[in-house]
Amino acid sequence: MRPLIALLVFGVFAVLANTAQAACPRPSYSAPYLKTIPSKGINQALFAEALTLEASYARCKRGKKILAQAKGLTKVAASHSGWMARTKKLDHRGAQGFKARMRASGVKFKTAAENIAAFDRYQFPKGQFRVKNAAACRFATSGGAAIAAHSYASLARAVVTGWMASPGHRKNLLNGRIKLTGGGIAFDRAAPNCGRFFITQNYAG
């Protein structure tokens with residue numbers, strides 16, 4: 001199943017620059033970020049940090065300033081991801097609506113935006129894969145190689161890669177007016193193939 005992504009924008013966006021910044025090292029993750037994301041007790045702080053690092057890396061490569069985390073944005077992003085996982089909807093409206101959500105963050109802003117996504121728990125390749133044991137969550141590529149579940153780092157990278165491939169999400173992520181961000185994640189264990197993650201990243205400037 002292909003990952004699903006959606007976006008919402010509120011405010012005025014700067015024109016994207018094409019020049020890349022010279023020194024933009026790819027994020028290097030310590031052991032906690034490389035652990036498999038559990039189905040229960042997800043470490044919101046680890047994922048929010050990984051998502052910020054990947055978004056900042058994408059921005060840096062294109063001459064944009066890196067992002068700082070804002071606790072208020074992280075809190076509302078986590079709450080919205082939880083709503084999406086519970087309702088099984090990839091939707092910006094949520095329990096209160098985007099604008100109300102941003103106001104509830106306590107972060108002052110002139111420009112705000114939101115990207116959302118849904119990704120399978122396992123790192124399924126494009127095309128076909130094998131279900132070796134559905135109950136045990138054992139999957140393999142068509143060539144027989146075992147398919148791993150996402151780690152905090154791998155999922156953050158996959159999410160940002162997906163957003164960068166979508167013009168609207170890319171515009172949100174690379175907005176030159178954006179300075180602050182917050183990310184959140186929740187898990188729908190009832191989704192096919194051992195579950196699906198719902199992800200939110202809010203931006204403010």
Side-chain angles (χ1 to χ4, degrees), residues 1-7 20 23-62 67 77-78 81-82 84-91 115-170 172-174 181 183-201:
M1 185 177 292
R2 293 183 179 179
L4 304 174
I5 56 177
L7 72 152
C24 298
R26 177 170 281 285
S28 178
Y29 294 102
S30 57
Y33 296 90
L34 303 178
K35 291 182 178 179
T36 298
I37 303 175
S39 60
K40 293 182 179 180
I42 297 175
N43 189 321
Q44 290 284 342
L46 274 182
F47 183 73
E49 178 65 20
L51 198 60
T52 299
L53 289 172
E54 291 295 335
S56 291
Y57 172 64
R59 286 172 63 88
C60 178
K61 289 198 302 179
R62 291 154 184 87
L67 299 171
S81 290
M84 291 193 294
R86 289 191 302 274
T87 60
K88 306 179 187 302
K89 294 179 181 179
L90 189 68
D91 195 316
N115 283 349
I116 57 177
F119 273 72
D120 290 316
R121 186 183 184 197
Y122 281 77
Q123 301 180 55
F124 297 121
K126 293 181 179 179
Q128 296 183 339
F129 61 90
R130 300 178 184 176
V131 179
K132 300 184 74 174
N133 187 323
C137 298
R138 292 176 56 199
F139 307 98
T141 65
S142 56
I147 296 174
H150 270 294
S151 67
Y152 292 96
S154 71
L155 182 60
R157 183 169 297 176
V159 170
V160 171
T161 298
W163 285 339
M164 288 298 291
S166 166
H169 297 89
R170 179 187 175 100
N172 281 353
L173 206 157
L174 297 182
T181 191
I185 182 174
F187 185 62
D188 172 18
R189 67 181 65 253
N193 297 321
C194 296
R196 170 169 280 202
F197 294 112
F198 285 84
I199 301 101
T200 306
Q201 189 169 41

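The basis for the numbers below is simple: all heavy atoms, side chains too, and nothing from hydrogens, waters or symmetry mates.
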- F197 side chain near I42 side chain, heavy-atom distance below 4.5 Å: yes
- Distance (rounded to the nearest 0.5 Å) between R196 CZ and F187 CZ: 10.5 Å
- Taking every non-hydrogen atom, the tightest pair across A85 and A186: CB-CB, 3.7 Å
- Query: Looking at OG1 of T36 and CG of L155, how far apart are the two atoms once the value is rounded to the nearest 0.5 Å?
  - Reply: 11.5 Å
- Item | Closest heavy-atom pair and its distance - Y122, I147 | CD2-O, 3.5 Å
- Item | Whether F119 and H150 hold their rings parallel, tilted or perpendicular, with breakpoints at 30° and 60° | perpendicular
- Could you tell me which non-hydrogen atom of Q44 sits nearest to which non-hydrogen atom of A78, and how far apart they are? OE1-CB, 3.7 Å
- Hey, could you give me the OG/CZ distance between S81 and R86, rounded to the nearest 0.5 Å? 10.0 Å
- Query: Are any non-hydrogen side-chain atoms of F198 and I116 less than 4.5 angstrom apart?
  - Reply: no
- Which atom names give the shortest non-hydrogen contact between L174 and R59, and what distance separates them? C-NH1, 3.6 Å
- Message: A48: which residues meet the side-chain contact (heavy atoms from CB on, under 4.5 Å) condition with it, sequence neighbours left out?
- Response: Q69, T74
- Note on the structure: OH (Y57) and CG (L67) are apart, to the nearest 0.5 Å, by 15.5 Å
- Enter the distance from L51:CG to L46:CG here, rounded to the nearest 0.5 Å. 12.5 Å
- Pairwise side-chain contact, R62 with M164, heavy-atom cut-off 4.5 Å (strictly under): yes
- Return yes if a side-chain donor-acceptor contact under 3.5 Å exists between N115 and N172, otherwise no. yes
- Item | Listed once per pair and sorted, the salt bridge (Lys or Arg N to Asp or Glu O under 4.0 Å) pairs that draw on residues 43-58, sequence neighbours left out | R26-E54, E54-R157
- Please tell me if the side chains of F139 and V131 come closer than 4.5 Å, counting only heavy atoms from C-beta onward. yes
- Report the distance from atom CG of L90 to atom CE of M84, rounding to the nearest 0.5 Å. 6.0 Å
- Query: Can you name the closest pair of heavy atoms from P167 and A165 and give their distance?
  - Reply: CD-O, 3.9 Å
- Shortest non-hydrogen contact between A58 and L173, atoms and distance: CB-CD2, 4.2 Å
- Just by modelled atom types, is the G184 backbone N or O under 3.5 Å from a matching donor or acceptor in the T200 side chain? no
- Message: If you apply the rule side-chain contact (heavy atoms from CB on, under 4.5 Å), what do you find for L53 with Y29, and how did you get there?
- Response: CA-CA 10 Å; L53 289 172; Y29 294 102; 3.7 Å; yes
- Output every pair passing salt bridge (Lys or Arg N to Asp or Glu O under 4.0 Å) with a member in residues 185-195, not counting sequence neighbours, ordered by first then second residue. K88-D188
